[in-house]
Amino acid sequence: MVKARRGSGGVPVPDKKELSGRMPIEDAGIPAELTLFLSQHTGAPSKPLVNVGDEVKRGQKIAEAQGAVSACLHAPTSGKVKAIEPRYQPVLGRESDAIVIAPDGEHALYEGLAPVGDDLEAISQDKIREVVRESGLVGLGGAAFPTAVKLQPPPDKKIDTYLLNGAECEPYLTADQKLMEEAAQDIVFGFRALMKGAGVEKGIICIEDNKPDAIRAMEEAAKPYPELEVAVLSHRYPRGGEKQLIEAVLGREVPPPPGLPLDVGVIVSNVGTAHALAVALKTGLPLVERIVSVTGEGVARPSNFRALIGTPVSYLIEKAGGFSGKPGKVILGGPMMGVAVKDTDVPVLKGTSGVLVLPAQAVKSEPVLPCVRCGRCVEACPMRLLPVWMAAYAENGYLEEAEKMRVMDCCECGVCSYVCPSRRPLTQSIRLAKSQIAAKRRAAAKK
Amino acid sequence: MKFISIMLAGVLTSNFIFMQYLGLCAFVGISEQFETALGMSGAVLFVMTFACTVAAAFEQFILVPFGLQYLRTIAYILVIAAFVQLVEIFLKKTAPSLYKALGIYLPLITTNCAVLGAAMLNVKNDYGILWGTVNGLAGALGWSLAILIFAGIRERWKFMKIPEVLKGFPLALVSTGLMSLAFLGFSGLFKTILK
Amino acid sequence: MESKRSLIGEFTKGLIEENATFRMAIGMCPTLAVTTSLVNGFWMGVAVIFVLTFSNVFVSILRKVTPDEIRIPIFVILIATPVVIVELVMNAYLPEMYRLLGIFVPLIVVNCLIIARAEAFAYKNSVIRSALDGLGIGTGFMINLMVIGAIREFLGTGRLAFGSVAFPAEPLFEPMAVMLTPPGGFVTLGVLMAILNILVRRAQLRKAKASA
Amino acid sequence: MTDRLLITSSPHIRAPKTVRGIMLDVVIALVPACVAAVIFFGVKALMVLVASTVSAVVSEYLYEKAVKRPVTVGDFSAVVTGVLLGLTLPPGVPLYVPIVGSAFAIVIAKQIFGGLGTNFVNPALAGRAFVLAAWPLHVTSAWLNPLTMDAATGATPLHAFKGGQAVGSLTDLLIGNRLGSLGETSAVAILLGGIYLLVRGVIDYRIPVAYLGTLGLGVFVFGKPGALFQGDPLRGILLGGALLGAFFMATDYVTSPVTPKGRTYFGIGAGLITLLIRYWGDYPEGVTYAILLMNLATPLIDRFVVPKYYGYMHDVEARRRAREGGR
């Protein structure tokens with residue numbers, strides 16, 4: 001067992017994992033409608049392969065990857081394609097094309113699916129890469145970066161370590177935790193497959209110390225394999241961020257944007273991704289479902305579901321006993337980085353690790369006071385930036401100064417807003433400045 | 001000892017800005033940006049030090065021998081203007097990068113009362129050429145220290161909710177007052193050992 | 001670019017509308033340095049009126065023959081002349097005051113107020129107008145010095161002194177020594193300007209509202 | 001149904017600490033020092049504290065009314081300023097001293113710049129520096145004998161000790177049985193408050209530790225029999241206002257640096273200037289001016305002492321390679 005370093009910045013956040021942490025993973029079942037966005041991963045949207053009215057089966061590919069960074073999409077259950085139309089995509093925050101499927105309840109498997117096998121020795125590296133690509137695998141931690149791209153680093157980059165991210169440092173969420181507790185063997189199998197696919201010799205499974213059961217299960221499962229190690233991190237947000245994880249576990253720092261982990265010889269994947277690859281190899285079923293924690297003080301019975309991609313959030317909340325009291329906010333993802341949605345009609349995406357419901361009384365807005373320069377945000381910033389000045393410049397439209405303060409390095413983890421005693425929306429200001437600067441850069445590049 | 005005491009007086013205990021009210025216009029006018037304040041400081045350091053040398057030499061070799069002290073004011077202002085002009089030409093020829101950095105500030109210095117003030121104080125204190133130069137350097141250092149501190153404070157006003165009607169002179173003066181209040185702490189520093 | 005005011009307007013504008021200290025914020029150094037008492041302010045004001053009027057007149061007379069490129073050095077010489085006269089006169093008839101005002105009398109040469117009027121007004125206007133402008137701006141400046149001097153003297157010594165007579169005879173309260181020191185000077189002027197700015201702003205807002 | 005869900009940008013939860021809560025913590029931390037002052041110096045001490053606090057709050061209220069801004073006395077920052085100013089004054093001062101001092105602190109040093117967060121010097125210290133310059137005699141000689149509460153003629157222990165006499169047992173210094181300003185006599189009471197602030201996470205330990213450490217070390221190194229506390233670091237820290245300054249004044253958020261390293265430098269700088277003024281300056285005590293001067297330096301410290309950003313070493317490396325490649 002490796003003990004990880006403390007790393008830069010970060011804050012202690014309330015755990016809240018006890019709400020759903022004891023609930024075993026249940027099957028959520030089949031809702032009345034599934035909404036599958038063509039754009040639910042980082043990169044180019046996928047291109048539909050079906051037409052309205054077509055019959056589809058569970059696991060059938062319904063959209064093809066397009067371009068270098070993209071992922072394909074599969075039907076989570078059998079049924080009919082009801083529509084291909086723009087729907088509200090909560091993470092993008094705008095309308096985006098989606099394939100809408102009306103399930104027929106048969107849950108009939110697509111005939112073309114075939115298991116690859118459960119003996120890694122017998123599966124070639126190229127086969128693994130192909131399965132990853134054809135299964136539409138993306139990072140299930142939240143960013144939804146296509147996994148296939150990660151497995152094919154440029155030849156001049158020497159990758160020496162593969163990190164499996166089971167830190168789950170966001171409060172409330174327990175999807176990864178439950179998966180590690182219940183499916184440790186499969187995760188390890190999937191992880192070893194990922195390592196083989198990327199040609200990496202050494203793997204480290206990273207878990208925060210507030211999940212002792214998961215640590216035990218993963219250590220047990222990893223024991224037979226000398227190339228695997230388990231690293232235990234202290235519970236501190238945002239220790240599970242990709243860059244923070246690399247710093248804490250390996251003592252390396254990823255170069256500033258556009259630097260990537262592979263610049264320092266590392267690939268990071270989420271435990272959910274490893275599990276999905278294991279399922280794809282063993283059964284042939286592509287990525288059509290994922291674990292979603294439905295939790296928070298605002299739901300009656302916090303639960304962990306195995307939900308089909310595209311399941312409406314309202315359906316999951318209903319399954320979790322409905323709201324308890326008046327809901328104030330419904331958030332896709334965790335409370336620190338998740339996206340608040342305006343209604344519960346939105347579906348679960350590949351990157352949705354949780355649905356968090358905060359009751360109305362918990363989300364009262366507090367008055368925003370002037371900055372008192374307490375420096376808490378500076379101490380908390382995991383990127384060792386100066387949120388106090390970046391946000392101040394951003395709010396007053398000094399984009400150049402903000403850029404000079406390295407606002408583009410910001411990972412938007414939200415700790416600065418979290419710790420601010422004046423309740424200033426630092427993260428929001430910084431995010432806005434980032435998008436304005438990015439737009440300016442795009443405009444400049446076009447010229 | 002005299003060197004230390006002149007330096008100390010110029011920089012801390014009788015700072016040109018905070019204690020002698022010299023060079024205020026430029027102090028308020030050119031302190032909105034730290035970088036420009038830095039440029040101005042460099043120019044003032046250079047000009048004030050050597051303008052004092054030149055003025056003191058002029059006093060000693062021309063005004064006193066010919067009994068023309070009553071024309072001092074006119075003589076000094078001409079000497080300083082000519083000196084600044086010379087520096088400008090000299091820098092342009094020999095150090096273009098430095099000229100680029102300081103160039104725009106140089107003409108402003110002619111009317112900076114701190115320079116003429118330093119030269120006048122040298123006469124009042126009977127400093128002569130050497131100590132006059134030291135005093136010029138000390139005064140310039142003190143002036144630079146003051147404007148750099150103030151520029152640091154002022155840069156923050158850009159993104160603070162500073163009342164718009166009071167920005168500029170009213171707050172600049174109140175701030176200078178508070179700064180000079182803090183500088184009162186240096187009063188009498190080392191006087192026991194220097195005297 | 002000739003000014004289009006009446007001749008009286010040229011004089012009165014310097015009192016309020018184009019008040020040197022409060023509206024144009026120039027000539028700060030002497031304003032602060034000599035305003036430790038009302039009387040100091042008065043004599044400094046007289047000196048400035050004299051210099052400003054004559055420098056304006058000289059500049060105006062020579063404005064047609066002054067080459068643009070070297071006008072600043074010429075202004076400086078034209079200003080330095082009355083300054084030297086003031087110095088000599090003061091030294092002869094008011095030696096005590098000359099000592100009190102110290103280097104700030106010769107420093108009138110580089111007072112941005114004087115250069116600014118030469119550049120902005122006298123260089124473009126007739127001799128009569130320039131003289132009136134100098135008188136008006138100078139008088140406004142003198143009034144400022146006297147007001148600030150009176151405030152600082154009253155708070156700093158508890159009374160106002162005119163030569164050997166003081167009013168009130170005994171200080172009304174424990175005087176605040178700090179008002180006579182630089183911090184007191186800076187803060188007094190800053191606060192005065194702040195109050196004036198706020199009042200002017202309010203008046204503008206009211207006018208804007210009334211006309212709207 | 002699920003109408004009116006709130007949509008805001010992440011993060012969706014906030015840490016429990018608020019500005020108001022922090023100010024309240026500071027007020028609580030000041031209680032022991034105030035109680036000690038009243039025990040030792042009686043009603044007069046209470047009057048000074050009440051006068052300065054009420055004046056601070058009223059000044060803030062009146063100013064905000066006059067310029068038509070929202071009234072912010074509810075954030076307790078004016079209370080903190082008032083109490084702190086009161087604690088820096090001798091118990092026997094005429095009451096107009098704390099009243100004028102607090103008014104200056106609130107209006108000139110803070111509100112005129114726009115209120116909370118905009119001032120660049122600690123208001124309480126600016127107020128003290130102002131009254132010290134206005135009425136030097138009152139502020140440096142209106143001492144009362146502790147417990148008996150009659151006017152004292154002697155110099156404060158700070159003066160005496162600075163001059164080289166040995167004054168006061170350590171016990172007296174600790175509990176506060178000696179001459180001095182309201183808040184500088186009882187070291188125990190101030191330490192109690194300081195520790196409370198540290199435990200509650202209100203203040204950063206770096207400033208008081210760096211400040212007092214520098215001061216103690218300096219007294220130890222430069223002091224000698226007959227000068228500067230005989231070289232006794234403990235007395236160098238306990239005498240005078242260093243403790244109050246280190247825990248309550250220098251740690252003021254608004255006027256101290258935002259970065260941890262910057263705070264260390266701030267503390268060291270304040271310690272050095274305190275030494276400088278105590279040893280070689282005109283004034284008997286340098287704490288006020290030392291912290292005020294470091295307040296002035298804070299924007300510069302913030303500008304130049306910044307943490308190295310995540311991944312900076314790659315940029316350093318790239319620059320180095322570019323240089324070598326260029327050759």
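- Of the listed residues (A:P370, A:C374, A:S8), the greatest number of heavy-atom pairs within a distance under 4.5 Å of chain D belongs to A:C374.
- Using a 4.5 Å cut-off between heavy atoms, D:H12 contacts chain A through both its backbone and its side chain.
- Heavy atoms closer than 4.5 Å to chain D are found in both the backbone and the side chain of A:V363.
- With a 4.5 Å cut-off on non-hydrogen atoms, A:T427 touches chain D through its side chain but not through its backbone.
- For chain D, the nearby part of A:C371 is the backbone; its heavy atoms alone come within less than 4.5 Å.
- D:E317 has a carboxylate O that lies under 4.0 Å from a charged side-chain N of D:R320, or vice versa, which qualifies the two as a salt bridge.
- A:L386 CG to A:Y393 OH: the interatomic distance, rounded to the nearest 0.5 Å, is 10.5 Å.
- Only the side chain of A:V264 comes within contact range of chain D, with heavy atoms under 4.5 Å apart.
- A cation-pi arrangement is present between A:K342 and A:Y88, with the terminal nitrogen or guanidinium carbon under 6.0 Å from the aromatic centre and inside a 45° cone about the axis.
- Contact count versus chain A (heavy atoms, under 4.5 Å) is highest, among D:D252, D:T118, D:D315, D:T72, for D:D315.
- With a 4.5 angstrom heavy-atom cutoff, A:P12 does not touch chain D via any of its atoms.
- No side-chain N or O of D:Y289 forms a donor-acceptor pair with one of D:R128 less than 3.5 Å apart.
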Could you go through the side-chain hydrogen bond (donor to acceptor under 3.5 Å, both in side chains) check for D:T298 and A:R373 one step at a time?
CA-CA 11 Å; D:T298 294; A:R373 291 208 292 274; over 6 Å; no
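- Annotation: cation-pi geometry satisfied between A:R406 and D:Y309 (NZ/CZ under 6.0 angstrom from ring centroid, within 45° of ring axis).
- Both the backbone and the side chain of D:L116 come within contact range of chain A, each with at least one heavy atom under 4.5 Å from a heavy atom of that chain.
- In this structure, A:E366 pairs ionically with A:R423, as a charged nitrogen and a carboxylate oxygen lie closer than 4.0 Å.
- Counting heavy-atom pairs closer than 4.5 Å to chain A, the top residue among D:G311, D:P260, D:S77 is D:G311.
- Using a 4.5 Å cut-off between heavy atoms, A:R252 touches chain D through its backbone atoms (N, CA, C, O) alone.
- Among A:A360, A:P255, A:S422, A:G414, the residue making the largest number of heavy-atom pairs under 4.5 Å with chain D is A:P255.
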Salt bridge (Lys or Arg N to Asp or Glu O under 4.0 Å) evaluation trace for D:E60 with D:R69
CA-CA 11 Å; D:E60 177 144 310; D:R69 267 213 305 266; over 6 Å; no
